[in-house]
Amino acid sequence: MQQDSSEHYLLRDLNPQQQDAVRHVHGPLLILAGAGSGKTTVITRRIAWLIDEEGIPPASILAVTFTNKAADEMRERVQRLVSVPAQQLWVSTFHSFCTRILRREGDRTPVGRDFVIFDPSDQKSLVKQVLAELKLPEKQFHPKKVLELISDFKNRCLLPEEAREEAMDPWTRKLMDAYELYQKGLKNSRACDFDDLLLHTERLFRDGALQEVYAQRFQFLLVDEYQDTNRAQYLLVQHLAKRHHNLCVVGDEDQSIYGWRGADIRNILDFQRDFPEAMQIKLEQNYRSTQKILDAASTVIANNTQRLGKTLWTDRGSGDYLTFKLVDEGRLEADWVVQRVIEEKQSFPGVRIAVLYRANWQSRQLEEALRAVNLPYKLVGGVKFYERQEVKDLLSYLRLVANPFDLTSFRRAVNAPSRGVGPTTLAKIEAAIPEGGTPLEGMAVLLRSGALKGRAQRELGKWVELFRRVSHEREHLGLAALVRWMLVESGYAQSLEDEGTLEAEGRLRNLEEFVSAATEAESLGLRLPEFLDRVTLASDADDVEEAAQLSLMTIHCAKGLEFPVVFVVGMEEDVFPNRNARETDEGLEEERRLFYVAITRAQRKLYLTAARRRRIFGTEMLGMPSRFLRELPAETLASPIRWGTELYQAEQGAYAAPPNLARGGGTLSVSSELQRIRGFFDRVKGIAEREEPDEAAAALPQATASISKAATAWANGTRVTSPRFGRGMIVASTGSGDGLTYTVRFADCGEKRIVQRFGMLEQE
DNA sequence: CCTCACTGCATTTTT
DNA sequence: TGCAGTGAGG
């Protein structure tokens, strides 16, 4: 029996653990899939096994992933494996799954079935409106922070009234008012934000009867990237699995990197507690990387405590050493990476290379360096296509067609192109909206009342007419034709043509591209609402071109991908690990997991780089090598990373005449450069004691200056004391003369900005 | 009511 | 550095 089944085409070339996972049918199953362990193969074959071997109808299987791309790929691969049509198989992201449910069952939610999905920019404008209405100053109630808090509550499935119970202090109470009003705004606009999709669906499934319907429907559940689920997603899965327990979750606790978005690593750590009868399979054989890369990854991640524990191994041989490069300055880092890229491409024509970084801003310098040598690259992330102003403008028209209650889109569309409708007119329109009516109706009322003057009356009259006409046109126009019709009839295209600038031309081209996207969607059978859903739920990770020769992206975006050659840049404290994460153990562990993800993307060659100095928004910042570098085992590195004097002596020449100073024409003097090195050096060694100054430094007045009236700015890294804050170190400076201001990192009270003229700083 | 210019401030990571 | 938010002028 065993012998026979291992010959099965769905089990071919699988290791024993993988085969066990594929053959598992009933009951809960936890697959702990290490990086590069053939996870997707196992999942798709298991689904195929259920369908072809067990005769489970595809319609009873639900597989959930985190990105659309992963879902598409999974569906395709399953379809290639099975003999029956698999269209009925549900493979989707959590968010699109919930959208589908809400479009069917939405009558029971506050927003009905014809809701629109608000993207982050819509959310922002709504929350700003709410803050204004509550007279909460944006200085204290930063819109982004408020939204983050609201999102936190939603991810924990708490509605305003429930969240309020937790709110003790007046500040949080005020925030709860904002949350409540925000939800009201969404309801009035018949809109869901991303979190609402999960929240509302989870609420629906609390209803026993409805839960029963869907639990019956989806007899077999599969959740990919289970370590990234948040509370709402967790509950959603529990509701559906409660009845039959046919739940297979796949994940890797070491790759849990979305804690900041509400993901709860405990979901995977506690799976065995939730389902004591669960079978657990560990996939530890890695088919991606060389042993050196795996050793580095394993050693690093072993520093984490929140793990179930896995050890990756491979039979692919030990491979190349990792290469670490420390450079003087950010720009040199980019140059160095570009040179290595060129070399790699020469040695291995057609090789795919990825440059990974912690945050999107780090791509800029890389892009500049790449453009300087005309090296083509693909940038993933950053400003999304659908977030461009012109695309959002056109979208606001289309959304208004799909859902006339959408006030946010109304506000946007009514002034795109500008029709002279400002806050005053807008307020009048909104006041005129009849109870339970739409903004358009409000506008119609206002027009009839004759409260508007000549031009506005005419313009807006035409505008109302536009939407009256579109309801007719909609019936006999296809999706693409409808989009184009709107683009022309709204006058938006014309207004761009009238501008005649190069920029406007580019915008028109983007809109053309948008129309072709609609054409493509139409050919897939999508109608306007589904098209709009798809557009807003599209993510960065979805448009990764894996075939690209050279890709630049964040590590988050790179999860699930692999590249023969990988660069991880910006290996500095406060960059990676990110400065916001260094305070807590959980934060640091998540950063470490992120580093683990980065390392394990590499198949055969891994480069790591750091810069001593870096311009971060205009000011020179002094960096310290990332603590994660210390965690790398020396045996995996081409040359040891030396901490202490050697690190700098090796490139002493570079300091004597830093080449970038001449080029940059910067304000830095060689002396301040020397102080920089010294301060940096001290920090790396972690000692307070100073070495004897060398001749060059001794000859410089600043080196011995001890009063705050120094003629020249102190260098970053200079140790100072302040009568108010105690001992600290200069980490940045701006301005000059009387305006000269330092950012000083104090041992006891964090970073302060101190104007030199008043701060009474003394050099230590 | 729009546009331009200035200033002050900010960067995680994304469905 | 660059963007967004603010304020003055047209």
Side-chain angles (χ1 to χ4, degrees), chain A residues 64-71 92-99 117-121 123-125 128 138-139 142-145 147-148 151 154-155 192-199 225 228-230 232-233 256-263 330 356-365 368 380-384 387 415 417-426 453 455-456 459 533-542 553-559 570 574-582 587 590-591 593-595 597-598 614-621 732 734-735 741 743 753:
Chain A
V64 191
T65 62
F66 267 81
T67 64
N68 299 294
K69 182 164 165 279
S92 57
T93 64
F94 267 107
H95 293 267
S96 60
F97 168 75
C98 290
T99 306
I117 303 173
F118 269 17
D119 69 20
S121 70
Q123 293 184 54
K124 198 175 162 203
S125 36
K128 281 181 144 187
E138 284 191 16
K139 282 257 150 53
H142 198 67
K144 223 175 97 193
K145 283 270 174 297
L147 276 171
E148 266 168 31
S151 180
K154 290 187 174 184
N155 284 332
C192 289
D193 63 19
F194 287 155
D195 299 324
D196 281 344
L197 296 172
L198 305 175
L199 183 79
E225 308 282 14
D228 288 332
T229 50
N230 62 30
Q233 289 159 334
S256 165
I257 55 176
Y258 287 103
W260 50 274
R261 208 170 73 188
L356 309 181
Y357 34 82
R358 176 65 240 264
N360 275 311
W361 60 263
Q362 296 176 62
S363 70
R364 188 182 301 157
Q365 247 172 351
E368 283 168 12
V380 181
V383 188
K384 282 182 237 164
E387 280 170 9
N415 251 335
S418 168
R419 292 187 181 82
V421 178
T424 331
T425 319
L426 220 39
K453 294 182 208 32
R455 175 172 168 254
E459 287 273 359
D533 289 348
R534 210 176 152 110
V535 163
T536 41
L537 291 179
S539 76
D540 287 342
D542 295 334
M553 67 186 96
T554 63
I555 301 167
H556 281 88
C557 248
K559 193 165 79 146
D574 290 355
V575 175
F576 192 19
N578 188 281
R579 82 190 316 243
N580 301 300
R582 70 176 169 195
E590 182 151 318
E591 294 291 303
R593 290 193 290 267
L594 199 52
F595 186 40
V597 168
R614 187 184 289 288
R615 275 186 98 77
I616 299 185
F617 35 84
T619 46
E620 285 283 340
M621 297 297 280
T734 50
T741 307
T743 304
R753 286 171 66 83

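Residue numbers start from 1 in every chain, and the chains themselves are labelled A, B, ... in the order their sequence lines are given, proteins ahead of strands. Just so you know, these numbers come straight off a predicted model, no measurement behind them.
- You'll find that the side chain of A/Glu591 is closest to B/dT12, out of B/dT15, B/dT12, C/dT1.
- For B/dT14, one of the phosphate oxygens OP1 or OP2 lies less than 4.0 angstrom from a side-chain nitrogen or oxygen of A/Thr554.
- Picking from B/dC1, B/dT15, B/dT13 the nucleotide with the shortest atom distance to the side chain of A/His95 gives B/dT15.
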Give every pair of a protein N or O atom and an N or O atom of nucleotides 5-10 of chain C that lie under 3.5 Å apart, one pair per line with the distance.
from: C/dG5; atom 1: OP1; to: A/Lys128; atom 2: NZ; distance (Å): 2.6

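- Residue contacts for A/Arg615: at a heavy-atom cut-off of 4.0 Å it reaches no nucleic acid atom on any strand shown.
- Closest contact between the side chain of A/Arg358 and the listed nucleotides B/dT12, B/dT15, B/dT14 involves B/dT12.
- A stacking contact links A/Trp260 to B/dT13: the aromatic ring centre lies within less than 5.5 Å of the base's six-membered ring centre, and the planes differ by less than 30°.
- Counting to the nearest Å, the P atom of B/dT14 and the CG atom of A/Leu198 are 18 Å from each other.
- At the phosphate of B/dT15, neither OP1 nor OP2 sits under 4.0 Å from any side-chain N or O atom of A/Asn68.
- The side-chain heavy atoms of A/Arg614 and A/Glu620, taken from C-beta on, include no pair separated by under 4.5 Å.
- Rounded to whole Å, the distance from CH2 on A/Trp361 to C1' on C/dG2 is 14 Å.
- Rounded to an integer number of Å, the gap from CD of A/Glu387 to P of B/dT15 is 10 Å.
- Ranking B/dT14, C/dT1, B/dT12 by closeness to the A/Arg261 side chain, first place goes to B/dT14.
- The side chain of A/Lys144 sits closest to B/dT12 out of C/dG2, B/dT12, B/dT15.
- Evaluation of the ring pair (Phe, Tyr, Trp, His ring centres under 6.0 Å) rule for A/Phe94 yields A/Phe66 as partners, not counting sequence neighbours.
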task: In sequence, state the C-alpha distance, the side-chain angles, and the governing distance for A/Leu594 and A/Phe576, and then conclude on side chain to side chain contact (heavy atoms under 4.5 Å, CB included).
output: CA-CA 9 Å; A/Leu594 199 52; A/Phe576 192 19; 4.1 Å; yes

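- Straight-line distance from the CG atom of A/Asp228 to the C1' atom of B/dT15: 11 Å, rounded to whole Å.
- Although no hydrogens or angles enter the test, the distance criterion places a donor-acceptor pair under 3.5 Å between the side chain of A/Asn230 and the main chain of A/Gln233.
- Applying the 4.0 Å criterion to OP1 and OP2 of B/dT15, one finds that A/Ser96 has every side-chain N and O outside that range.
- Distances shorter than 4.0 Å separate none of the side-chain N or O atoms of A/Thr67 from OP1 or OP2 on B/dT14.
- Under the side chain to side chain donor-acceptor pair (under 3.5 Å) criterion, A/Thr229 pairs with A/Asn267, sequence neighbours left out.
- Among the nucleotides B/dT14, B/dT15, B/dT12, the one closest to the side chain of A/Ala359 is B/dT12.
- In this model, the phosphate group of B/dT14 is approached by a side-chain N or O of A/Asn360 to a distance below 4.0 Å at OP1 or OP2.
- For A/Glu225, the salt bridge (Lys or Arg N to Asp or Glu O under 4.0 Å) test picks out A/Lys39, A/Lys559, with sequence neighbours left out.
- Side-chain proximity of A/Asn415 to the nucleotides B/dT13, B/dT15, B/dC2 is greatest for B/dC2.
- One can place CZ of A/Arg582 at 13 Å from P of B/dT12, the figure rounded to the nearest angstrom.
- Going from atom CD of A/Gln362 over to atom C1' of B/dA10 covers 15 Å, rounded to whole Å.
- By the salt bridge (Lys or Arg N to Asp or Glu O under 4.0 Å) test, A/Asp195 is found to be paired with no residue, residues two or more places apart in sequence or in another chain being considered.
- The side chain of A/Thr93 sits closest to B/dT15 out of B/dT15, C/dG2, B/dT12.
- For the salt bridge (Lys or Arg N to Asp or Glu O under 4.0 Å) test, no residue two or more places apart in sequence or in another chain qualifies with A/Glu148.
- In this structure, A/Ala538 and A/Thr424 both approach DNA chain B, and ranking their closest nucleotides by distance from the 5' end singles out A/Thr424.
- If you check every strand for non-hydrogen atoms under 4.0 Å, A/Phe66 touches sugar and phosphate atoms only.
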